[in-house]
Protein chains: 2
Amino acid sequence: MSSDGLGSCGIKQGMEGKENQHLEPSQVKVEEPPGGSISQQDSVSEWLPYSYMAMIQFTINSTERKHMTLKIIYTWIKAHFPYFKHMAKPGWKNSIRRNLSLHDMFVRETSAKGKVSFWTIHLSANQYFTLDQVSEQQK
Amino acid sequence: MSSDGLGSCGIKQGMEGKENQHLEPSQVKVEEPPGGSISQQDSVSEWLPYSYMAMIQFTINSTERKHMTLKIIYTWIKAHFPYFKHMAKPGWKNSIRRNLSLHDMFVRETSAKGKVSFWTIHLSANQYFTLDQVSEQQK
DNA sequence: TAAATGTTTATAAACATTTCC
DNA sequence: TTGGAAATGTTTATAAACATT
Ligand SMILES: [Mg+2]
Ligand SMILES: [Mg+2]
């Protein structure tokens, strides 16, 4: 029982609406690769791989200075989780912004000259989790 | 501009689903009173009258000891807001529980003998708003 | 003025814990 | 007393309204 709160979030995406609960197989498997069955990569990308809170921690902690603009957070997450290239709902950026605001651990700071704002992780809350660390634990 | 965060929440209920966006008038006005047009009371009850956070504050602050069990919170809210007699979605109790957990201002305490748990408002956060006070301001 | 960014609330749901029958 | 059902409690996702930059 890991208690770091960074496990996979377990919520299946893409067919949660009432109108989609009885999809035909043809509607489920779109663009199956010609090679054969669906790859592990694609299978995994059907799921939100971690909570947004966890993914934002991985993202910000991936940099030396532990701070990042919103735009770069979007970019990093899309680059590191296949889910956001194919399956993510259009609201995923909304969800990231909502998590940044909601959780006290994420703190917005403004650059010395003003203008640019960076998201950081509250010092006393940061356990410096990174995606590499957590992926390692799952082996 | 009131800044107490207790204003009406402004979210219209009952036809937000895609499948309900173009209701016929006959579906909108059910059980119109024989007297004529819809009464002010009924009109108001179509709307969530305050945020759940505000309503829970009114509820707990209505008692001398400023604490209340979940069951009584349900009862008080249903008794004081017509919305919860007619229009509320089935998930309204879920929303109350979620708000109690989510907001730090609501604190669960256990009775001396154990067993019963009461919800209270964090002392430093309680502004002792009551429904009467806020209704008065709207006149 | 428009788009991007930031904040807050509602709703549904998964899941855990506690209490009741 | 105990086992299962119901109630209670916690957390996350998603959509949306709205404010600010
Ligand atoms: Mg924050
Ligand atoms: Mg609380």
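Just the heavy atoms: all of them, side chains too, but no hydrogens, waters or symmetry mates, feed the values below. By convention in this document, chain letters (A, B, ...) are assigned in the order of the sequence lines, proteins followed by strands, and residues within each chain are numbered from 1.
Look at CZ on A:Arg97: it is 20 Å from P on D:dT12, rounded to the nearest Å. Rounded to an integer number of Å, the gap from CD1 of A:Ile56 to P of C:dG6 is 11 Å. Nucleotide D:dA13 holds its P atom 7 Å from the CE atom of A:Met55, rounded to whole Å. Rounded to whole Å, the distance from NZ on A:Lys71 to P on C:dA3 is 13 Å. In this entry the distance linking CD1 of B:Ile73 with P of D:dG9 reads 8 Å, nearest Å. Rounded to whole Å, atom P of C:dA13 lies 16 Å from atom CH2 of A:Trp47. Taking atom CZ of A:Phe118 as the reference point, atom P of C:dT5 lies 13 Å away to the nearest angstrom. Per the geometry, CD1 belonging to B:Ile96 stands 15 Å off C1' belonging to C:dA12, to the nearest Å.
Annotation: the span from B:Ser51 atom OG to B:Ile56 atom CD1 amounts to 8.5 Å, rounded to 0.5 Å. Atom-to-atom distance recorded for A:Leu100:CG and A:Ser95:OG is 11.0 Å, nearest 0.5 angstrom. With values rounded to the nearest 0.5 angstrom, B:Ile72 atom CD1 is found 9.5 Å from B:Phe118 atom CZ.
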For residues 119-126 of chain A, which side-chain N or O atoms pair as donor and acceptor with protein atoms under 3.5 Å away, sequence neighbours left out?
unit_1, atom_1, unit_2, atom_2, d
A:Thr120, OG1, A:Val107, O, 2.9
A:His122, ND1, A:Ser124, N, 3.3
A:His122, ND1, A:Ser124, OG, 3.0
A:Asn126, OD1, A:Asn61, ND2, 3.1
A:Asn126, OD1, A:Tyr128, N, 2.6
A:Asn126, ND2, A:Asn61, OD1, 2.9

### Summary
Whether each nucleotide of nucleotides 16-21 of chain C has a protein heavy atom under 4.0 Å at its base (B), only at its sugar-phosphate (S) or at neither (-) is summarised, 5' to 3', as ---S--
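The aromatic rings of B:Phe81 and B:Phe84 lie perpendicular to each other, with more than 60° between the two planes, well past the 30° mark.
B:Trp92 has no side-chain polar atom (N or O) that falls below the 4.0 Å cut-off from OP1 or OP2 of C:dA12. Between A:Trp119 and C:dG6 there is a side-chain polar atom (N or O) within less than 4.0 angstrom of OP1 or OP2.
Counting non-hydrogen atoms under 4.0 angstrom, B:Tyr74 reaches the backbone sugars and phosphates but no base.
Taking the six-membered ring for Trp and the full ring otherwise, B:Trp47 and B:Tyr83 have centroids separated by 6.0 Å or more. Annotation: A:Tyr50 is in aromatic contact with A:Phe58 [ring centroid separation under 6.0 Å].
Side-chain contact of A:Tyr52 with A:Arg97: a donor-acceptor pair under 3.5 Å is absent, judged by distance alone.
At most 12 non-hydrogen atoms from other residues, nucleotides or ligands lie less than 6.0 angstrom from NZ of A:Lys78.
For B:Met55 against B:Pro49, the heavy-atom pair with the smallest separation is SD-CG, 4.1 Å. Of all heavy-atom pairs between A:Phe106 and A:Ile60, the closest is CD2-CD1, 4.3 Å.
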#### Entry: side chain to side chain contact (heavy atoms under 4.5 Å, CB included) between A:His80 and A:Ser62, intermediate numbers included
CA-CA 11 Å; A:His80 286 81; A:Ser62 74; over 6 Å; no
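Distance from the side chain of A:Ser51 is smallest to D:dT12 among C:dT5, D:dT12, D:dT10.
Within residues 98-105 of chain B, the residues that have a heavy atom under 4.0 Å from DNA chain D are, in order of number, B:Arg98, B:Ser101. Contacts between residues 57-69 of chain B and DNA chain D, defined by a heavy-atom separation below 4.0 Å, involve no residue at all.
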### Query
Just the dot-bracket of DNA chain D, please: which string comes out with Watson-Crick or G-U pairs under 3.5 Å, [ ] for crossing, | for another strand?
..|||||||||||||||||||
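Remark: side-chain polar atoms of A:Lys66 are paired, donor with acceptor, to backbone N or O of A:Thr63 under 3.5 angstrom.
Among residue pairs with one or both ends in residues 104-114 of chain A, none qualify as side chain to side chain donor-acceptor pair (under 3.5 Å); sequence neighbours excluded.
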